[in-house]
Amino acid sequence: MDRPPLKSLNTIAVVGLGTMGTGISEILARAGREVIGIDTDDAAARNATTALEASTARAVRRERMTEAERRDALARFRTFPDLQAAAEADLVIEVVPEDYDTKCQVFAALDTVVKPDTILATGTNALSVTRLAADSDRPERVLGLHFFNPAPAMKLVEVVSSVLTSPEAVAAVTALAQELGKEPIAVGDRPGFVADGLLFGYLNQAAAMYESRYASREDIDAAMKLGCGLPMGPLALLDLIGVDTARTVLDAMYAESHDRLHAPAPVLRQLSEAGLTGRKAGRGFYTYEAPGSSVTVPDALSPDATGTGASARPVHAVGVAGSGTMASGIAEVFAKAGYATVLAARGEAKAEKAKARVASSLDRSVKKGRLSQEDRDAALARITAAGSLEALAEVDLAVEAVAEHLEVKRQLFAALDKVCKPGAVLATTTSSLPVVACARATSRPQDVIGMHFFNPAPAMKLVEVVRTVLTGDEAHATVREVCAAVRKHPVDCGDRAGFIVNALLFPYLNNAVKMVQEHYASLEDIDAAMKLGGGYPMGPFELLDVVGLDVSLAIEQVLHREFRDPGLAPAPLLEHLVAAGCLGRKTGRGFREYARQ
């Protein structure tokens with residue numbers, strides 16, 4: 001049987017002309033739709049018109065539209081003060097504040113105004129679409145249409161169905177989103193849907209990390225930008241979204257999941273109730289030039305540029321213990337920065353192979369024009385390959401980069417303690433093991449510190465500098481000074497599982513696995529949602545397959561053991577894949593299958 005043709009959505013009402021409503025109106029008007037903007041606040045309506053005029057003028061200047069197209073788009077956008085104006089709309093998109101009673105009143109009023117076949121869409125990302133639909137006279141024509149901010153730029157649109165929504169309404173709205181140049185994904189009705197369901201758990205954990213004084217706001221944000229390639233750090237993003245909005249979303253998520261990871265961090269309530277809701281208030285986690293400004297200004301919490309006052313020890317020679325990819329990458333970093341570097345491995349053959357790996361990396365940089373042949377030769381000449389730790393006797397800084405196994409590292413630190421001269425700083429590159437356990441294997445725990453480089457070390461700018469309760473100020477100052485010399489960005493953190501990046505990244509990845517495990521969304525839709533809606537460089541399943549499912553599982557197990565939170569328990573699906581030998585790209589199969597190299 002032939003399906004009926006999709007309903008044509010030519011006249012669209014947008015209720016609520018705040019930032020999101022204005023952005024949606026712009027998209028629709030520029031795409032040739034008649035747009036009815038509705039807001040009881042005259043100032044909001046005027047601001048929306050002004051914003052559309054300004055954005056279309058910019059588009060003309062950038063030759064993205066003609067002056068005639070601009071005039072037509074502006075003519076298609078009209079504003080009104082009450083819902084009666086929606087009478088002829090084919091689709092109404094509601095983007096009023098995230099309050100159930102307010103939205104319910106809007107839907108009840110629209111029921112008495114609009115045509116029988118009009119589709120009603122809510123822009124909520126936290127409240128129940130099903131509940132709004134059930135209270136409507138036309139539940140089969142109620143759905144969610146979740147755009148992302150800024151709506152004109154962000155490609156993702158989540159089309160949310162309740163159990164009451166008709167397939168025809170979903171199909172019509174999905175077709176509209178595609179015509180607008182967006183990437184729609186179909187999702188079911190649960191708080192946060194896909195993108196925000198993963199994003200807000202991560203933001204909440206970042207807020208809790210800051211509240212516990214584990215790391216500064218600047219270091220948390222820098223770590224996630226530089227370590228994960230994110231466009232914004234989590235605390236800056238909370239300020240952009242609105243601290244009060246984040247709290248509302250998390251409250252809704254917790255009400256459904258009862259997962260402690262979704263229980264809003266107390267600092268979110270404290271800031272919200274104090275009116276410190278982020279950029280819109282001029283102050284949230286950061287302080288801004290003015291309400292609505294994106295420019296931060298120094299405040300009482302800004303880091304002291306003068307530092308601790310401790311003197312750094314001079315570092316002329318560096319030793320790297322290990323022969324794998326990370327060891328050779330770190331040796332390359334130090335050699336390029338001008339340090340005499342000893343690359344020590346278990347045997348001459350392994351050491352020479354590691355040095356050859358550095359040479360290959362430097363050659364690639366020369367071919368890409370990032371390094372001159374002269375600088376390449378000079379860097380390689382600074383590296384001495386050695387077949388035993390004895391060669392590290394005179395280094396000022398020794399960096400361990402061996403297998404992620406605690407007993408192996410402890411034995412190595414005990415050996416370094418005997419070999420290295422007094423005053424040498426001993427650093428571990430561990431990403432998940434306790435640094436203090438390495439320190440206790442030595443007679444100089446005050447000189448032991450974590451230097452967690454990220455892979456590939458030559459390219460990644462971040463280094464997590466991990467202090468134990470025994471680390472001295474001089475060792476800490478020395479490592480920070482060395483990081484600056486090798487052009488890395490150091491962030492300070494304490495000695496606990498995951499440090500900053502992994503402690504925030506891996507629960508997010510684990511929650512993505514749970515979404516698939518629960519058949520809420522597909523791998524493809526979740527990856528698309530986080531890339532298009534969250535600005536992530538890779539979707540969670542792409543990243544898991546690159547990192548390795550066994551590595552990911554091991555990190556999640558460490559986090560679970562450390563924090564004892566049931567929400568951090570590894571997803572059974574991840575455990576099953578690892579047990580089956582499906583470890584990601586390195587085995588040809590993980591969450592996806594890959595061609596063998």
Side-chain angles (χ1 to χ4, degrees), residues 205-206 208-220 222-223 227 265 267 301 303-304 306-313 315 321 396-402 404-418 420 422-454 462-483 488-504 506 555 557-565 568:
Q205 288 175 279
M209 180 181 281
Y210 167 74
E211 185 174 25
S212 71
R213 300 188 181 181
Y214 174 68
S216 71
R217 61 191 178 181
E218 289 84 2
D219 280 353
I220 291 171
V267 69
L301 297 175
D304 182 0
T306 61
T308 64
S311 298
R313 299 170 189 167
V315 175
D396 304 300
L397 168 65
V399 181
E400 164 275 310
V402 299
E404 194 75 343
H405 188 284
L406 184 56
E407 193 50 41
V408 172
K409 289 183 185 291
R410 281 178 54 82
Q411 290 175 9
L412 178 60
F413 270 83
L416 290 173
D417 187 35
K418 294 175 182 177
C420 294
V425 175
L426 311 181
T428 171
T429 60
T430 184
S431 63
S432 60
L433 300 175
V435 177
V436 74
C438 297
R440 290 296 303 278
T442 76
S443 62
R444 50 175 117 181
Q446 73 280 2
D447 291 335
V448 178
I449 195 167
M451 282 185 81
H452 180 212
F453 287 81
F454 286 73
L462 182 68
V463 175
E464 289 178 319
V465 178
V466 186
R467 293 190 69 159
T468 76
V469 292
L470 303 174
T471 304
D473 287 343
E474 279 192 6
H476 176 249
T478 301
V479 165
R480 285 193 62 94
E481 190 169 282
V482 168
C483 285
K488 300 296 182 186
H489 185 106
V491 296
D492 286 328
C493 50
D495 184 21
R496 73 182 200 188
F499 310 136
I500 297 174
V501 174
N502 286 347
L504 295 179
F506 280 89
I555 292 172
Q557 288 170 333
V558 167
L559 291 171
H560 187 219
R561 283 197 301 269
E562 175 99 336
F563 298 107
R564 309 295 176 92
D565 191 316
L568 293 174

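In this text, all values refer to a predicted model and were calculated from it rather than measured experimentally.
- When only modelled atom types and interatomic distance are considered, His476 and Asp492 share a side-chain donor-acceptor pair under 3.5 Å.
- For Arg410 (side chain) and Ala437 (main-chain N/O), a donor-acceptor pair under 3.5 Å exists by modelled atom type.
- Looking at Arg496 and Glu562, no side-chain N of the basic residue comes within less than 4.0 Å of a carboxylate O on the acidic one, giving no salt bridge.
- In this structure, CG on Leu559 lies 7.5 Å from CG on Asn502, to the nearest 0.5 angstrom.
- Scanning all heavy atoms of the two residues, the minimum distance from Asp447 to Ala475 falls at CA-CB, 4.1 Å.
- The line from CD of Gln205 to CZ of Phe563 is 9.0 Å long, rounded to the nearest 0.5 Å.
- Between Leu416 and Thr442 there is no side-chain heavy-atom pair separated by less than 4.5 Å.
- Considering all non-hydrogen atoms of both residues, Ala208 and Ala265 come closest at N-CB, 3.9 Å.
- The two atoms that bring Leu568 and His560 nearest to each other are O-CB, 3.7 Å, heavy atoms only.
- Among all heavy-atom pairs drawn from Val402 and Ala321, the shortest one is CG1-O, 3.6 Å.
- Between Arg313 and Glu481 no salt bridge is recorded (no basic side-chain N to carboxylate O distance below 4.0 Å).
- Distance check, rounded to the nearest 0.5 Å: CD1 of Ile500 to OH of Tyr214 gives 6.0 Å.
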Query raised in the report: Step by step, would you call Arg217 with Leu301 a side chain to side chain contact (heavy atoms under 4.5 Å, CB included)?
Result: CA-CA 9 Å; Arg217 61 191 178 181; Leu301 297 175; 3.7 Å; yes

Requested in this report: Test Val491 against Val465 for side chain to side chain contact (heavy atoms under 4.5 Å, CB included), laying out the working first.
Outcome: CA-CA 6 Å; Val491 296; Val465 178; over 6 Å; no

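- A heavy-atom distance below 4.5 Å is found between the side chains of Phe454 and Val501.
- Although no hydrogens or angles enter the test, the distance criterion places a donor-acceptor pair under 3.5 Å between the side chain of Asp495 and the main chain of Val435.
- The side-chain hydrogen bond (donor to acceptor under 3.5 Å, both in side chains) search around Thr429 returns none, not counting sequence neighbours.
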Query raised in the report: Under the side chain to side chain contact (heavy atoms under 4.5 Å, CB included) criterion, do Leu470 and Val448 qualify, and how do the steps go?
Result: CA-CA 8 Å; Leu470 303 174; Val448 178; over 6 Å; no

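- Contact between Ser311 and Glu474 at its shortest, heavy atoms only, is O-CG, 3.4 Å.
- A search for side-chain hydrogen bond (donor to acceptor under 3.5 Å, both in side chains) contacts involving Asp417 returns Ser443, Arg444, not counting sequence neighbours.
- No side-chain donor-acceptor contact under 3.5 Å links Arg480 to the backbone of Ala477.
- Between the SG atom in Cys438 and the CD atom in Gln411 there is a gap of 11.5 Å [rounded to 0.5 Å].
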Report task. Under the side chain to side chain contact (heavy atoms under 4.5 Å, CB included) rule, what do Ile220 and Leu504 come out as? Steps first, then yes or no, please. Result -> CA-CA 10 Å; Ile220 291 171; Leu504 295 179; 4.2 Å; yes

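- Of the possible polar contacts, none joining the Glu400 side chain to the Phe413 backbone as a donor-acceptor pair under 3.5 Å is found.
- Here the side chains of Thr478 and Leu397 are not in contact, with every heavy-atom distance at 4.5 Å or above.
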Requested in this report: Determine, step by step, whether Ser432 and Glu404 satisfy the side-chain hydrogen bond (donor to acceptor under 3.5 Å, both in side chains) criterion, reporting the C-alpha distance in whole Å, the side-chain angles of both residues, the deciding distance to 0.1 Å, and the verdict.
Outcome: CA-CA 8 Å; Ser432 60; Glu404 194 75 343; 3.1 Å; yes

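- Without hydrogens or angle criteria, Asp396 side chain to Ala424 main chain gives no donor-acceptor distance under 3.5 Å.
- The structure places OG1 of Thr430 at 5.5 Å from CZ of Phe499, a figure rounded to the nearest 0.5 Å.
- Applying the side-chain hydrogen bond (donor to acceptor under 3.5 Å, both in side chains) rule to Thr471 yields the partners Thr468; only residues at least two apart in sequence or on another chain are considered.
- One distance of note links SG of Cys483 with NZ of Lys488; it measures 9.5 Å at 0.5 Å rounding.
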